[in-house]
Number of protein chains: 2
Amino acid sequence: MHSIYKTLRSNSYSVPCELCSISGLCVPRLLNNTLSSVLERKKSYSKEEIIVKAKTPLKKFFIVHSGALKTFVTTPENNEQINGFYLPGDIVGLDAISTKIHNNNIQALSNTLICELDYDELMNMIDTHKDVRDLVLKLLSADIYNYQKLVLCYSQKKSDERLATFIYSLYLRYQQRGHTSLSIKLAMSRAEIANYLGLTIETVSRNLSKMQEQNILTAKGKYIYINNLEALIDLVN
Amino acid sequence: MHSIYKTLRSNSYSVPCELCSISGLCVPRLLNNTLSSVLERKKSYSKEEIIVKAKTPLKKFFIVHSGALKTFVTTPENNEQINGFYLPGDIVGLDAISTKIHNNNIQALSNTLICELDYDELMNMIDTHKDVRDLVLKLLSADIYNYQKLVLCYSQKKSDERLATFIYSLYLRYQQRGHTSLSIKLAMSRAEIANYLGLTIETVSRNLSKMQEQNILTAKGKYIYINNLEALIDLVN
DNA sequence: CGCTCAATTGAGAGTTTTCAATTCTCGTGG
DNA sequence: CCACGAGAATTGAAAACTCTCAATTGAGCG
């Protein structure tokens with residue numbers, strides 16, 4: 001148990017700029033000259049801080065450099081619905097293009113460094129750089145694809161499979177960011193996981209306990225260690 | 001009961017070109033000269049016909065002129081998951097931009113007329129026409145927004161509320177297309193509704209019966225008549 | 001060290017699914 | 001035009017799953 005702490009605490013979960021989702025915008029060959037005006041680098045936000053309030057005009061997109069964000073809407077009955085968790089390299093706010101208004105609140109889950117991308121400048125660059133055009137379309141389209149997978153998860157999976165899918169996808173996302181370990185430090189609480197998955201805190205907790213009994217993983221607070229990746233993938237399907 | 005049939009059968013549910021989701025592409029002021037090359041008009045597909053198979057390369061987008069489509073993926077266990085229903089004026093296939101491969105199967109729910117929009121040509125037009133750029137970004141972004149609403153529905157609503165949301169959103173979509181009546185002709189089966197909503201056929205059927213007992217609506221086969229719109233909206237929340 | 005909030009665990013209630021039987025619809029052929 | 005049959009839809013009863021409410025334990029912070 002002690003070793004998990006050690007391993008995980010050492011993970012900072014930032015991302016080298018080459019792995020950033022907008023790396024195509026950052027690489028010198030493309031943007032060397034306009035970079036400074038378009039991309040404001042590494043603003044700092046502290047845990048819980050609201051970066052954007054829903055219903056405010058779209059001015060900028062946000063790219064996570066280190067830390068993590070969540071986006072959520074609040075329903076008329078004042079319930080929160082989390083729509084996504086964002087890790088280093090992820091771009092946030094694209095869904096606001098259609099209305100020019102942010103539909104979601106954007107909030108820091110931990111102390112977070114964020115790069116900001118000016119909306120108008122990005123639109124201009126779409127017109128002048130084919131690479132940028134393709135990248136933006138691709139990011140938008142990938143977002144749709146992700147929501148389709150989430151819908152599939154909601155629609156066809158039981159609670160244990162949903163949770164397994166969530167943990168496995170986090171594992172994959174960290175892997176894509178160069179963290180090859182089977183350890184994951186969750187940036188979000190059980191309540192936030194439950195909300196995102198359409199379950200209750202208790203169901204998430206029970207399923208975590210069940211997966212520990214089956215020795216699929218070890219969960220200790222925010223730290224999760226995957227003991228049996230194959231079994232986890234089996235649960236995912 | 002008999003009058004419902006009469007009313008509903010008279011609805012053809014096609015859309016005038018001005019209400020099409022790509023009307024911004026069609027209006028003469030923008031595209032008069034290039035229209036013919038970009039937009040191939042009104043190909044006919046018969047009920048059940050597969051328009052695009054998943055995993056095939058993205059060549060065209062599809063715009064429904066009359067009739068209706070569904071998109072779906074098939075899971076490894078050979079289950080179908082419906083990701084969307086498309087009505088006249090809707091554009092289908094945008095989610096394939098990121099991979100250049102169609103993730104979804106696209107299938108006609110009834111005899112359907114479809115306009116095709118060439119992918120490469122559309123990309124070219126994005127570069128030359130700001131209006132087209134904005135429209136495409138808006139459509140993609142709106143798609144994301146729709147999936148977020150679907151996720152909210154899955155995540156926080158019980159079966160009766162989900163079904164009410166589905167019927168009400170169909171009502172709204174037909175209304176936006178100029179059909180102001182409280183009658184709806186469903187293009188899809190109960191099984192398809194259930195699949196889309198993450199429920200079973202039986203649950204959908206039971207909830208329809210319940211809503212009839214409460215005199216919220218009358219359901220007769222594919223025909224639904226909304227008797228009490230306020231009550232339906234209450235259920236939606 | 002104690003306080004507060006988060007997480008876990010248990011028991012019972014409510015919702016949805018599953019399995020099974022019946023009824024209804026609609027297209028086809030007599 | 002009606003009867004038939006196959007698939008779709010409805011209904012019922014029991015099982016499975018998740019939620020709610022409540023109590024307990026655990027973790028993080030001043």
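So that the names make sense, note that chain A is the first sequence line, chain B the second, and so on, each numbered from 1. Atoms considered below: every heavy atom in the structure, side chains included; atoms not considered: hydrogens, waters and symmetry mates.
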Inset, instruction - Any chance you could measure B:Thr112, atom OG1, to B:Ile106, atom CD1, to the nearest 0.5 Å? - result: 12.0 Å
Inset, instruction - Using whole Å, report how far CZ of B:Arg162 lies from C1' of D:dT18. - result: 12 Å
Legend entry - Pairwise distance CG(A:Asn105) to OG1(A:Thr71) - rounded to 0.5 angstrom: 9.0 Å
Inset, instruction - Figure out the CZ/C1' separation between B:Arg190 and C:dT23, and round it to whole Å. - result: 14 Å
Legend entry - D:dA27 phosphate, OP1 or OP2, under 4.0 Å from A:Lys220 side-chain N/O: yes
Inset, instruction - Determine to 10° how strongly the helix from C:dC1-D:dG30 to C:dG30-D:dC1 is bent, judged from the axes of its five-pair ends. - result: 40°
Inset, instruction - Please report, rounded to the nearest Å, how far the C1' atom of D:dC29 is from the NZ atom of A:Lys47. - result: 12 Å
Inset, instruction - Indicate yes or no: at least one non-hydrogen side-chain atom of A:Glu49 is less than 4.5 angstrom from one of A:Asn111. - result: no
Heteroatom pairs (N/O) under 3.5 angstrom, protein to nucleotides 12-15 of chain C:
none

Inset, instruction - Could you tell me the separation between the CG atom of A:Leu186 and the P atom of C:dA7, rounded to a whole number of Å? - result: 10 Å
Legend entry - Expected output: side-chain A:Gln156 to main-chain A:Cys153 donor-acceptor under 3.5 Å: no
Inset, instruction - Go through the steps to decide whether A:Asp90 and A:Phe85 satisfy the test side chain to side chain contact (heavy atoms under 4.5 Å, CB included), and finish with yes or no. - result: CA-CA 9 Å; A:Asp90 290 335; A:Phe85 298 111; over 6 Å; no
Inset, instruction - Indicate whether the side chain of A:Gln81 and that of A:Thr75 have a donor and an acceptor atom separated by less than 3.5 Å. - result: no
Inset, instruction - Take the protein atom NZ of B:Lys222 and the nucleotide atom P of C:dC26, then report the distance between them rounded to whole Å. - result: 9 Å
Inset, instruction - Compute both the distance and the angle, then confirm whether A:Lys70 meets the cation-pi test with A:Phe72: under 6.0 Å from the six-membered ring centre, within 45 degrees of the axis. - result: yes
Legend entry - Carboxylate-amine/guanidinium contact A:Glu202 A:Arg190, below 4.0 Å: no
Legend entry - Euclidean distance, atom CD1 of residue A:Ile224 to atom P of C:dA7 [Å, nearest integer]: 11 Å
Legend entry - Check against side-chain hydrogen bond (donor to acceptor under 3.5 Å, both in side chains), B:Asn104 and A:Gln148: CA-CA 10 Å; B:Asn104 283 276; A:Gln148 289 180 351; 3.1 Å; yes
Legend entry - Heavy atoms of other groups near B:Tyr145 OH, more than 12 under 6.0 Å: no
Inset, instruction - Strictly below 4.0 Å, heavy-atom distances to any atom of DNA chain D: list the hits from residues 193-208 of chain A, or just say none. - result: A:Gly198, A:Leu199, A:Thr200, A:Glu202, A:Thr203, A:Arg206
Inset, instruction - Starting from C1' on D:dG28, measure out to OH on A:Tyr223 and report it in whole angstrom. - result: 12 Å
Inset, instruction - Specify the separation, in whole Å, of atom CG of B:Leu163 and atom P of D:dT10. - result: 10 Å
Legend entry - Salt bridge B:Asp160-B:Arg206, side-chain N to carboxylate O under 4.0 Å: no
